[in-house]
Amino acid sequence: MLALHGLYKAFGANQVLRGVDLTIDAGEVVVLMGANGAGKSTLVKVLSGYHVADDGVMTLAGNAYHPVDARDAIRQGIVTVHQAIDDGVIPDLSVADNLLLDRFASRDHGLWVSARTLRREARQVAEAMGMTLDLDARVAELSVADRQLIGIARALAHSPRLLILDEPTSSLSAAEAERLFNLLDRLREQGVAILYISHRMTDIRRLADRIVCLRDGRVSGMFDQKPLDLPGAVQAMLGQTLEATAIQPVAPGPAVLELHDIVLAPGSKPVSFAVGDGEVVALTGLLGSGMEALVAMLFGQRPLSQGSLRLDGRDYAPNTVSEALARGVFLAAKDRSVNGVVADFDIADNMTLPFLKAFSTGGLLRRSRQRQAATQMIERLGIVCQSPQDAIGTLSGGNQQKVMIGRWLQAPCRLLILDEPFQGVDIGARHDIGRQIRATAKGRATLVCVSEIDEAIEIADRIIVLHEGCIAGEQYNQDIDLGVLAAQAAGHG
Amino acid sequence: MAEPGAFRARLLAFAIRYGFLLLLVGLVLYFSLAAPGFANPRSAVFVLQSVAITGILALGVTTTLVVGGFDLSIGAVATSSLMLAAYSMVVLEQPAYVAVALCLLMGALVGLINGLLIVKCRIPDLLATLGMMFLLIGLQRIPTQGNSIATGMTLADGETAQGSFSAAFLWLGRHRFDLVIERLVPVPVVIFLLIALAIWLFLGFTRHGRLMYAIGSNARATALVGAPVARYKIAAYMISGVTAAIGGVLLAARLGRGDIASGNNLLLDSVAAALIGFAVLGAARPNAFGTAMGALFVGILLQGMTMLNAPYYTQDFVKGAVLVIALMFTFYLSSRRGPSMRH
């Protein structure tokens with residue numbers, strides 16, 4: 001269906017694509033893997049008409065393919081669902097408007113918008129996708145997962161020949177992801193070629209016909225023998241083998257955080273557990289498991305409805321973020337671009353933001369001390385950058401995430417909460433972060449919230465599975481049966 | 001291949017960083033050669049004096065821009081302050097220090113209300129301060145039935161106002177300090193430089209300033225590191241209100257009467273200075289040094305043109321042109337620099 005040969009693309013002095021060769025057949029799902037900065041996003045942008053390649057040949061169904069812009073790419077049958085969900089939807093418009101948005105942008109569409117035709121066509125699109133949303137609802141009122149599905153549904157409404165999906169499941173629950181996979185299976189049978197970008201092993205196992213690895217702007221590996229060689233693919237993507245990460249669970253010290261009869265969802269059974277000194281506990285569960293509520297309660301953003309919390313044996317009921325910080329509870333929040341990164345700042349300022357008081361004398365900030373602290377953390381976490389004065393926007397996603405984690409490792413704390421610390425992070429950076437968390441775990445309790453069970457196993461001494469606000473399973477991280485944990489998370493435990 | 005590309009990138013970076021300051025130096029050189037009498041201390045002080053009041057207001061609006069807001073009410077606060085100073089001295093017959101204190105208090109109060117409307121009632125900045133602007137423009141006319149205030153004016157009850165602007169108050173607007181030459185530097189210029197220095201230090205070099213920039217860039221992330229975001233926002237509007245009130249006091253002291261029509265241009269001129277400041281040193285964000293330079297740039301340009309006999313009615317056009325060019329410097333050039341740095 002699509003063939004690329006010798007594709008080159010540079011931005012200024014920065015050569016991003018260095019001769020990419022790739023073919024995708026009709027009815028085939030190709031998973032594209034690559035570390036942050038390998039050139040995945042650039043490749044996708046060239047295919048979807050946002051960038052023009054400097055050199056190379058592209059053919060689509062045997063004809064030369066040279067999209068002049070994004071609309072032209074869609075017209076020729078290459079449709080892309082981008083990773084950033086909110087780039088794809090207009091929050092102030094209704095679901096129906098959003099589903100048909102690109103038809104309004106087409107010159108073939110007349111001047112007037114008829115409400116009846118709009119609803120009829122939108123319903124067709126929604127039904128094809130198996131969506132049960134209220135078409136008149138405003139998108140701003142929907143969950144992230146629903147917004148993601150709208151973006152995907154709109155892409156499918158173009159009957160694409162090649163569908164490109166960039167980490168489409170990053171904000172979907174398992175049930176919603178399964179619905180998407182079923183849909184992709186149907187498309188595959190209809191002969192649509194699919195280019196699927198993901199770091200998630202569960203997605204890759206479920207979908208891939210073939211894995212293509214990208215490294216430093218070149219294809220560094222191709223795997224099409226069943227069963228697919230996932231460790232081999234990871235190695236091709238990183239250019240090195242990762243040391244085994246089998247974890248020796250640490251015997252926990254005295255309890256630092258204790259939960260007594262906390263109710264995470266209205267009407268669900270109260271939850272009690274404790275996290276000890278030096279222990280890393282992973283909480284895992286799907287959307288709606290109550291993890292979000294628990295993090296908000298622990299960090300003073302949501303009042304306790306019932307039960308009590310204790311920190312170091314003393315009552316703990318924070319009402320504000322600063323009360324939580326004063327007791328030594330730190331949170332590295334999820335969705336770093338919304339909740340963490342200050343885009344206008346450099347690395348040093350981003351990293352030291354919570355502790356500016358400690359970096360100033362008499363009200364005046366000491367830049368040199370900020371830089372010094374940032375430089376140390378850059379070394380510890382292996383952040384790839386020129387200097388601590390680099391703007392945070394110049395870093396790749398994985399390195400930005402390292403800055404966000406490093407921010408909360410600057411000072412000792414009693415409880416460190418990491419909410420989805422591996423979101424949008426490649427496997428290499430994931431290992432760096434995990435190693436640093438475990439290396440510093442002594443002297444505090446660590447709570448890591450992840451929706452991927454694979455990630456929990458990589459980092460935790462103990463894993464607690466939540467399902468609809470209740471504890472569905474709890475296990476020390478040794479000889480773990482993935483299937484059992486997955487079943488517990490899905491509520492069949 | 002890479003060489004010319006890298007050279008162009010460096011040239012672009014240089015243009016973004018120093019372009020505006022070079023333009024300023026070039027302008028000064030040109031006027032010094034073309035307009036006899038431009039390059040002397042009296043002329044320099046005259047430029048400073050002409051920009052002092054708009055500069056002070058612009059520094060306040062810079063503070064609100066830093067936290068991601070915008071204060072449209074500064075012009076109205078300044079004229080209200082001017083009217084209040086005149087009213088308290090001429091009609092209420094109060095001494096100078098009471099008049100000044102009342103004005104500063106009024107500025108702080110307006111800033112507080114602006115901040116509360118924005119933070120607590122969640123009214124967008126532009127709309128809240130636009131509403132406040134209308135409110136103040138109306139309010140300042142009510143006590144005097146829409147008339148200007150001067151000694152000897154007739155009051156509502158038919159009596160004549162007996163009070164007058166005290167000498168101490170007029171000193172604020174008219175006194176000149178000796179500096180090498182006798183009676184050279186006017187008080188407003190000194191106050192402008194002091195406020196500029198204070199706000200430059202506060203925004204650029206204190207942790208409070210750093211947190212305010214963080215709020216402007218990502219308020220949610222800043223709240224999650226424990227910063228009192230609402231309080232900082234309110235503080236920014238209070239700073240803006242107080243600086244605008246100071247501007248009004250200085251204007252009143254210079255004019256020596258409560259002129260209802262003065263200060264018409266204050267809002268647009270000071271906003272322009274703050275926005276021109278984005279372009280200075282390639283900051284691409286509000287900053288006190290840039291704002292002061294922006295105000296100076298406009299002042300020098302107007303002074304030089306006046307000395308070259310350009311008619312006064314071309315002034316607004318020139319200011320507009322400078323603003324548009326500065327915005328191009330900031331946004332177009334830095335957007336060209338942007339993509340090459342990302343992957």
Side-chain angles (χ1 to χ4, degrees), chain A residues 10-16 36-42 51 217 299-301 320-326 330-333 335-345 349-350 352-360 362-367 370 390-397 404 407-408, chain B residues 1-13 16 65-68 198 200-232 278 282-287 330 334-343:
Chain A
F11 297 104
N14 184 3
Q15 188 72 43
V16 181
N36 296 316
K40 284 173 309 188
S41 323
T42 307
H51 293 323
F299 205 54
Q301 295 173 294
T320 62
V321 171
S322 38
E323 280 178 40
L325 290 172
F330 292 176
L331 166 71
D335 296 330
R336 67 174 169 270
S337 57
V338 182
N339 296 323
V341 170
V342 178
D344 285 351
F345 279 9
D349 273 336
N350 261 293
T352 53
L353 192 62
F355 308 109
L356 289 182
K357 204 172 198 164
F359 289 101
S360 42
L364 289 187
L365 269 179
R366 303 279 293 273
R367 278 297 284 169
Q370 280 182 291
D390 289 4
I392 187 100
T394 61
L395 300 186
S396 68
M404 290 299 107
R407 174 187 278 180
W408 295 107
Chain B
M1 265 303 280
E3 270 304 299
F7 177 72
R8 271 188 51 198
R10 274 221 303 280
L11 192 68
L12 191 63
I16 290 172
L65 288 170
V66 165
V67 293
W200 179 67
L201 283 174
F202 177 73
L203 290 178
F205 299 93
T206 69
R207 66 186 183 90
H208 304 292
R210 200 57 52 89
L211 285 173
M212 284 166 92
Y213 275 109
I215 289 167
S217 179
N218 188 342
R220 208 179 140 57
T222 315
L224 283 175
V225 302
V229 170
R231 256 185 271 167
Y232 275 117
F278 280 34
R285 52 169 142 171
N287 67 97
T330 303
S334 23
S335 76
R336 297 238 336 242
R337 178 178 56 172
S340 64
M341 291 167 76
R342 268 185 246 127
H343 292 282

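Numbered from 1 within each chain, the chains take letters A, B, ... in sequence-line order. Keep in mind the model is a prediction, meaning the values are calculated, not measured.
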Could you tell me which non-hydrogen atom of [X] sits nearest to which non-hydrogen atom of [Y], and how far apart they are?
{"X": "B/Ala221", "Y": "A/Gly340", "result": "CB-O, 3.3 Å"}
{"X": "A/Ala343", "Y": "B/Ser217", "result": "N-OG, 3.2 Å"}
{"X": "A/Ser322", "Y": "B/Gly226", "result": "CB-O, 4.0 Å"}
{"X": "B/Ala214", "Y": "A/Leu353", "result": "CB-CD1, 3.9 Å"}

Where does [X] contact chain B at under 4.5 Å (heavy atoms): side chain, backbone, both or neither?
{"X": "A/Phe359", "result": "neither"}
{"X": "A/Glu323", "result": "neither"}
{"X": "A/Leu325", "result": "side chain"}
{"X": "A/Arg407", "result": "side chain"}
{"X": "A/Ala333", "result": "side chain"}
{"X": "A/Lys357", "result": "both"}

| message | For chain B, which candidate among A/Val338, A/Asn339, A/Val342, A/Asp344 shows the most heavy-atom pairs at distances under 4.5 Å? | response |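 The candidate making the most pairs under 4.5 Å is A/Asn339.
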Side chain, backbone, both or neither of [X] within contact of chain A (heavy atoms, under 4.5 Å):
{"X": "B/Ala219", "result": "neither"}
{"X": "B/Arg210", "result": "both"}
{"X": "B/Tyr213", "result": "both"}

| field | Heavy atoms of other groups near A/Trp408 CH2, more than 12 under 6.0 Å | value |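 Yes, enclosed.
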| message | Given 3.5 Å as the limit, does a donor-acceptor pair link the side chain of A/Ser360 with the main chain of B/Arg207, or not? | response | no
| message | Looking at B/Asn218 and A/Ser337, would you say the former's side chain and the latter's main chain have a donor-acceptor pair under 3.5 Å? | response |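 The answer is yes, because a donor-acceptor pair under 3.5 Å joins these two groups.
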| message | What's the separation between atom CG in A/Asp349 and atom CG in B/Leu211, rounded to the nearest 0.5 Å? | response | 10.0 Å
| task | Would you check if A/Val321 and B/Val225 make a side-chain contact, meaning some heavy-atom pair closer than 4.5 Å? | result | no
